[in-house]
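One structure below.
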Protein chains: 2
Amino acid sequence: MWGTIYHSKGSIMENNTVSIDQVKTYLIDNGIHPSFQRLKIFQYLMQSKEHPTVDIMYQALCREIPTLSKTTIYNTLNLFQQCGIVMGLTIEDNEVRYDANIESHAHFKCTTCGKVYDIPFEYPELQEERINGHVIKERHFYMRGICKDCSNTS
Amino acid sequence: MWGTIYHSKGSIMENNTVSIDQVKTYLIDNGIHPSFQRLKIFQYLMQSKEHPTVDIMYQALCREIPTLSKTTIYNTLNLFQQCGIVMGLTIEDNEVRYDANIESHAHFKCTTCGKVYDIPFEYPELQEERINGHVIKERHFYMRGICKDCSNTS
DNA sequence: TTCTCTGCAAACGCTTTGCACGGAT
DNA sequence: ATCCGTGCAAAGCGTTTGCAGAGAA
């Protein structure tokens, strides 16, 4: 077998609502000054299931924060990535998507609608820390195909 | 276990030299008109082990073909991808790399020098063609870390 | 002639950089 | 007063598009 794929998930990231206070504590714990924009951006990322692009986040957040600029989103996401609390996904198409779920999981991208889904997935224990002499630091597994919604519609 | 990782590889793609005639036959078999530029681009891709970006290919090939333009490389690679004889890799950094090896394998990208290595890897038989209701068409597995050369140097 | 390939130039879109303003300590 | 976060404007860069000229059939 090749790692365990669960058909349901039990991550804490699954919560649909995350309070600003929770986010604030989380950022502080990770050494990040909790500005209003940073709080909102991280909260959005936690609550979103769609692995949003910068543009999606901008469109959504600028309704609440009309002065928000994309530069701030870029700055903030780069900061989050450096601190390891956010992961950038580059599955294809030169579009970077972001994920606040840093637990072990895989991704599924629908080639029809473009949505990216988390797939609960347990990477197996590394039997060796090297492969062909290269030291393995990260493993990424993703699938592409047609999602539930799109295959039902067609 | 999670698929088989081989520590040596036996692919036909491993040949260091591929004759233009072999490439020509291959392109024709795949329904592609074998122009000079296309032959050279595909030959380069087969012989290269580095999963080159468009820019790398351009720098290398324009020594032989001084009039070559990047547009032609883009056109050609897009054509090859549509015909399924070349694969685009988007591991990160918004840089697309190309691979003429369309056999089952994984990739390893060095975070220090940026090189991408093929890792012989056999994806297991799909036990179900769907996961969480989504129809799986492709599976991709890549690793990141520090390659042999870079870990020896440091 | 007709069709396709090629390649220059310009457009495009995402991301980063430069820099100045403003709020917080 | 100093520091740091924010956000506008411009630059940067990889890729695509428009189009005209060249070459093959």
Side-chain angles (χ1 to χ4, degrees), chain A residues 20 23-24 27-28 30-45 51-83 85-98 114 116, chain B residues 20 23-24 27-28 30-45 51-83 85-98 114 116:
Chain A
I20 281 290
V23 176
K24 190 168 174 180
L27 291 191
I28 293 171
N30 284 278
I32 298 168
H33 178 72
S35 75
F36 181 63
Q37 286 86 340
R38 289 172 179 176
L39 289 171
K40 284 304 206 175
I41 290 169
F42 194 77
Q43 188 189 37
Y44 182 86
L45 207 49
H51 304 77
T53 61
V54 166
D55 196 62
I56 292 173
M57 299 180 75
Y58 176 73
Q59 298 303 334
L61 289 169
C62 68
R63 267 179 274 146
E64 264 187 278
I65 316 167
T67 61
L68 185 67
S69 90
K70 280 193 184 177
T71 302
T72 299
I73 300 184
Y74 281 110
N75 289 340
T76 302
L77 290 172
N78 288 338
L79 175 69
F80 287 171
Q81 282 194 87
Q82 281 160 27
C83 297
I85 64 172
V86 156
M87 195 167 69
L89 303 179
T90 322
I91 294 183
E92 56 166 347
D93 289 336
N94 288 1
E95 63 174 15
V96 183
R97 290 168 169 272
Y98 293 89
V116 175
Chain B
I20 281 290
V23 176
K24 191 169 175 179
L27 292 190
I28 292 171
N30 283 277
I32 298 168
H33 178 73
S35 76
F36 180 65
Q37 286 85 342
R38 288 173 181 177
L39 289 172
K40 283 306 207 176
I41 290 170
F42 195 78
Q43 186 189 38
Y44 182 86
L45 207 48
H51 303 78
T53 60
V54 165
D55 196 62
I56 291 172
M57 299 180 75
Y58 176 73
Q59 299 303 333
L61 289 169
C62 69
R63 268 178 274 146
E64 265 186 278
I65 316 168
T67 62
L68 185 68
S69 91
K70 279 193 184 176
T71 303
T72 299
I73 299 183
Y74 281 111
N75 290 339
T76 302
L77 290 172
N78 288 339
L79 176 69
F80 288 170
Q81 281 195 90
Q82 280 159 27
C83 298
I85 63 171
V86 155
M87 196 167 68
L89 304 179
T90 324
I91 294 183
E92 58 165 345
D93 289 335
N94 288 1
E95 65 175 13
V96 183
R97 291 168 169 271
Y98 293 90
V116 175

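Below, chains carry the letters A, B, ... as their sequence lines are ordered, and counting in each starts from 1. Heavy-atom basis, side chains included; hydrogens, waters and symmetry copies ignored. Because the structure is a prediction, the values reported are computed rather than measured.
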If I take atom CD in residue A:Glu95 and atom P in nucleotide D:dG14, what distance separates them, rounded to the nearest angstrom? 19 Å
Closer than 4.0 Å, any side-chain N/O of B:Ser69 to the OP1 or OP2 of C:dT6? no
When rounded to the nearest 0.5 angstrom, what distance separates CD in A:Gln59 from CG in A:Leu68? 10.5 Å
d(NZ, A:Lys70; C1', D:dA10) in whole Å: 16 Å
Selection from C:dT15, C:dG7, C:dT6 that lies nearest to any side-chain heavy atom of A:Val54: C:dT15
For B:Asp55, answer base if it contacts any base atom (sugar-phosphate contacts may also be present), sugar-phosphate if it contacts only those atoms, and nothing otherwise; contact means non-hydrogen atoms under 4.0 Å. nothing
Of A:Asn78 and B:Arg38, whose closest DNA chain C nucleotide lies nearer the 5' terminus? B:Arg38
Please determine if a side-chain N or O atom of A:Ser35 lies less than 4.0 Å away from the OP1 or OP2 oxygen of D:dT6. yes
Whole-Å distance between C:dC8 C1' and B:Asn75 CG? 12 Å
Nearest whole angstrom, please: distance from the P of D:dG14 to the CD1 of B:Ile73. 13 Å
Rounded to whole Å, CG of B:Leu77 lies from P of D:dG14 at a distance of 15 Å
Between C:dC14 (P) and A:Arg97 (CZ): distance, integer Å: 12 Å
N/O donor-acceptor pair under 3.5 Å between A:Glu95 side chain and A:Thr53 backbone: no
Taking the side chain as everything from C-beta on, heavy atoms only, tell me whether B:Lys70 gets closer than 4.5 Å to B:Asp55. yes
Would you indicate what A:Thr71 reaches in the nucleic acid, counting non-hydrogen atoms under 4.0 angstrom: base, sugar-phosphate, or nothing? base
Please report the distance, rounded to the nearest Å, between CD1 in B:Ile65 and C1' in D:dA22. 16 Å
Side-chain N or O of A:Thr67 less than 4.0 angstrom from OP1 or OP2 on D:dG7? yes
Whole angstrom is fine here: how far is it from CD in B:Gln37 over to P in C:dT4? 17 Å
Carefully, step by step, assess B:Ile56 and B:Tyr44 under the rule side-chain contact (heavy atoms from CB on, under 4.5 Å). CA-CA 11 Å; B:Ile56 291 172; B:Tyr44 182 86; 3.7 Å; yes
Can you identify which nucleotide, out of C:dT6, D:dG14, D:dT6, has its nearest atom closest to the B:Tyr74 side chain? D:dG14
Taking A:Gln37 for the side chain and A:Thr72 for the main chain, is one N or O donor matched with an acceptor at less than 3.5 Å? no
